[in-house]
Amino acid sequence: MAVKLNTSSFLGIEGSIVSVEVDIERGLPSFNIVGLADTSVKESKERVKASIINSGFEFPVKKIVVNLAPADMKKAGSLFDLPIAIGILISTGQIKFYDWEKFLILGELSLSGNLNKVRGVLPITLEGIKNHIKNFIVPLENAEECSSIKGSNCYAFENLKQIVYFIKYRDLLPYKHKKMLSKSSHTSPDFSDVFGQESCKRALEVAAAGNHNIIMVGPPGSGKTMMAKRVPTILPDLSYEKSLEVTKIYSVTGNLSINEGLITKPPFRNPHHTSTTISLVGGGSNLMPGEISLAHNGILFLDEILEFKKNVLEVLRQPLEEKKIIINRASGRVSFPCNFMTIMATNPCPCGNFASKKHCTCTEYERRRYISKLSSPIIDRIDLFTFVNSLDFKDIQNYKKSEFSKLIRERVERARKIQKKRFKNQGIYCNSEMNSILIKEYCKLNKKSTEILEKVYSKYNLTTRAYSKILKISRTIADLDNSACINESHLIEALCYRKFINEDFI
Ligand SMILES: Nc1ncnc2c1ncn2[C@@H]1O[C@H](COP(=O)(O)OP(=O)(O)OP(=O)(O)O)[C@@H](O)[C@H]1O
Ligand SMILES: [Mg+2]
Ligand SMILES: [Zn+2]
């Protein structure tokens with residue numbers, strides 16, 4: 001009789017239950033795996049055979065057929081090694097496993113019978129729980145990930161032998177999830193390390209508070225990269241739901257470090273300007289998420305934005321708008337979330353000194369050509385523009401330590417709380433996500449502010465998109481000020497973050 005065990009696979013970032021059936025019959029010795037298994041699964045035969053023998057068990061010299069069901073779903077990866085090996089041990093009577101249907105088993109075997117870490121354990125655990133399977137047998141290196149899900153009993157092992165003993169004697173309690181302590185220390189970056197640049201710090205605070213996209217333009221060495229890298233320190237921690245969304249993505253890409261449970265801090269991704277389209281947006285033959293999805297619920301930092309290839313930047317347009325990316329390939333169709341805050345940084349011209357305190361050696365033509373690489377659809381999606389100037393000797397010399405990230409984060413958290421309350425029935429979290437109806441409802445201006453905006457609108461021939469952005473940013477500034485209404489000072493500050501004010505440099 002065929003033996004059946006539960007395991008699971010994943011497509012994109014969603015898990016799906018797979019059953020492994022092992023049938024052993026008399027006949028010419030052979031070992032076949034059927035059920036739309038790709039080459040990575042077929043290779044499992046050699047690992048399973050060697051690990052059974054090297055763990056001191058017997059490998060049957062018979063006709064072995066393994067069926068992975070449902071047969072119409074593509075299966076890839078090495079996580080089927082373990083259920084196949086256990087299935088063979090049960091079929092040959094070397095172990096008995098009566099309550100197999102209560103367990104979900106996965107793991108990669110090495111030739112010596114040791115268990116190796118696999119990808120996708122988090123979505124798989126979630127799928128198991130959804131299907132009322134609470135017990136999981138996983139490699140020890142995946143234990144944190146599996147046990148971090150509420151309601152899971154994770155049994156984690158180092159090798160095949162230990163699992164066989166566990167199935168026989170049940171001598172183990174579920175793995176206890178260790179809540180990770182936050183890793184901050186004296187040496188971690190902090191905004192208080194940054195001399196001066198108060199206006200840029202403020203712009204970053206506003207961007208962080210409302211989850212707005214921002215660009216920093218300035219000469220080399222003025223601290224753009226330094227400040228961008230400190231933005232995660234002023235963002236609030238992720239909620240349980242958001243943290244699950246992020247960890248799922250890191251789990252399927254294998255980016256979760258060993259013994260890392262749920263990711264609770266917003267991710268910060270800093271792809272290099274030589275990145276390819278696929279590494280940025282995802283895809284490839286195995287349908288992996290790219291940098292924009294790894295930045296989900298966190299920050300995507302595009303440093304030296306003008307050095308990116310134009311076609312690479314263009315593919316960002318749609319995900320920036322839709323907050324998700326759908327990838328169609330012969331191997332399937334998947335959707336990855338990518339709701340992130342974008343920080344961009346660039347020099348204003350090829351020599352880097354235009355509009356700064358130093359002398360620019362570029363011609364008008366060189367400068368225009370340089371900046372035109374930033375196409376208008378991308379510019380349209382930037383909410384805040386800020387210029388970072390180089391510091392004078394005096395500024396550095398007289399500098400007193402400025403605000404710590406913790407203080408800024410407290411303000412950002414307060415503003416985020418106001419937004420969460422405001423949008424609790426709207427399915428959004430931040431001001432940047434407001435549509436035109438919500439803008440109408442929540443961004444009402446008083447008489448004086450309306451007059452100012454009207455003047456600016458007609459003088460600079462603003463687009464509707466720019467108009468909405470100014471209102472959304474004004475709303476965030478008012479939230480930081482804990483003010484229910486948007487007054488003139490909020491609006492004027494928001495206007496300062498528009499590029500037309502400084503038409504000169506971009
Ligand atoms: N405002 C500042 N306060 C403290 N240190 C600074 C400041 N600005 C620059 N620095 C120092 O200069 C180094 C270079 O700064 P950073 O790389 O952030 O400049 P940048 O604006 O990104 O330059 P580039 O345009 O060349 O990329 C930093 O690592 C830091 O040590
Ligand atoms: Mg830099
Ligand atoms: Zn220049």
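Atoms within each ligand, like the ligands themselves, are counted from 1 in listed order.
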> How long is the span from the NZ atom in K459 to the CD atom in E454, to the nearest 0.5 Å?
Replying inline: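 Answer for the NZ-CD pair, K459 versus E454, is 15.0 Å.
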>> To the closest 0.5 Å, what do you measure between CD1 (I473) and NE2 (H212)?
In response: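 Interatomic distance, I473 CD1 to H212 NE2, rounded to 0.5 Å: 5.5 Å.
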> Do E314 and K310 meet the salt-bridge criterion of a basic N to acidic O distance under 4.0 Å?
Replying inline: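 Looking at E314 together with K310, the answer is no, because their closest N to O distance does not fall below 4.0 Å.
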> Is R230 paired with D193 through a side-chain N to carboxylate O contact shorter than 4.0 Å?
Replying inline: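 A salt bridge is present here (some side-chain N lies under 4.0 Å from a carboxylate O).
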> What protein N/O/S atoms sit under 2.8 Å from the Mg ion (ligand 2), by chain and number?
Replying inline: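 Hits for the Mg ion (ligand 2) below 2.8 Å: T225 OG1.
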>> Check whether Y460 forms a cation-pi arrangement with K455 (NZ or CZ under 6.0 Å from the six-membered ring centre, at most 45° off the ring normal).
In response: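 Judged by the rule, K455 and Y460 form no cation-pi pair.
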> How would you list, by chain and number, every residue that makes a ring-ring contact (aromatic ring centres under 6.0 Å, His included) with F195, sequence neighbours excluded?
Replying inline: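 Partners of F195 under the ring-ring contact (aromatic ring centres under 6.0 Å, His included) test: Y399.
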> Where's the contact between L391 and ligand 1, heavy-atom distance under 4.0 Å: side chain, backbone, both or neither?
Replying inline: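 Looking at L391 and ligand 1, just side chain atoms fall under 4.0 Å.
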> Can you list the atoms of ligand 1 that are under 4.0 Å from a heavy atom of V194?
Replying inline: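 Reading through ligand 1 atom by atom, the close ones are 1 (N), 3 (N).
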>> If the cut-off is 4.0 Å to any non-hydrogen atom of Q197, which atoms of ligand 1 fall inside it?
In response: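 Taking each heavy atom of Q197 in turn, ligand 1 has 1 (N) under 4.0 Å.
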> Can a donor-acceptor pair be found between the side chains of N446 and E488 at a distance below 3.5 Å?
Replying inline: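 Looking only at side-chain atoms, E488 and N446 do form a donor-acceptor pair, the distance falling under 3.5 Å.
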> Parallel under 30°, tilted from 30 to 60°, perpendicular over 60°: which one fits the rings of F301 and F268?
Replying inline: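 Answer is tilted, since the angle falls between 30° and 60°.
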> Backbone N or O of P337 within a donor-acceptor pair of the S293 side chain at under 3.5 Å?
Replying inline: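 Yes, S293 side chain to P337 backbone: donor-acceptor pair under 3.5 Å.
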> Can you pull the salt bridge (charged side-chain N to carboxylate O under 4.0 Å, His left out) pairs that have at least one residue in residues 281-306, sequence neighbours excluded?
Replying inline: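 Qualifying pairs, neighbours excluded: R269-E291.
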> Which protein atoms of type N, O or S are found under 2.8 Å from the Zn ion (ligand 3)?
Replying inline: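 Correct list: C349 SG, C351 SG, C360 SG, C362 SG.
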> Within less than 4.0 angstrom of ligand 1, does M227 place any heavy atom?
Replying inline: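 Heavy atoms of M227 never come under 4.0 Å of ligand 1.
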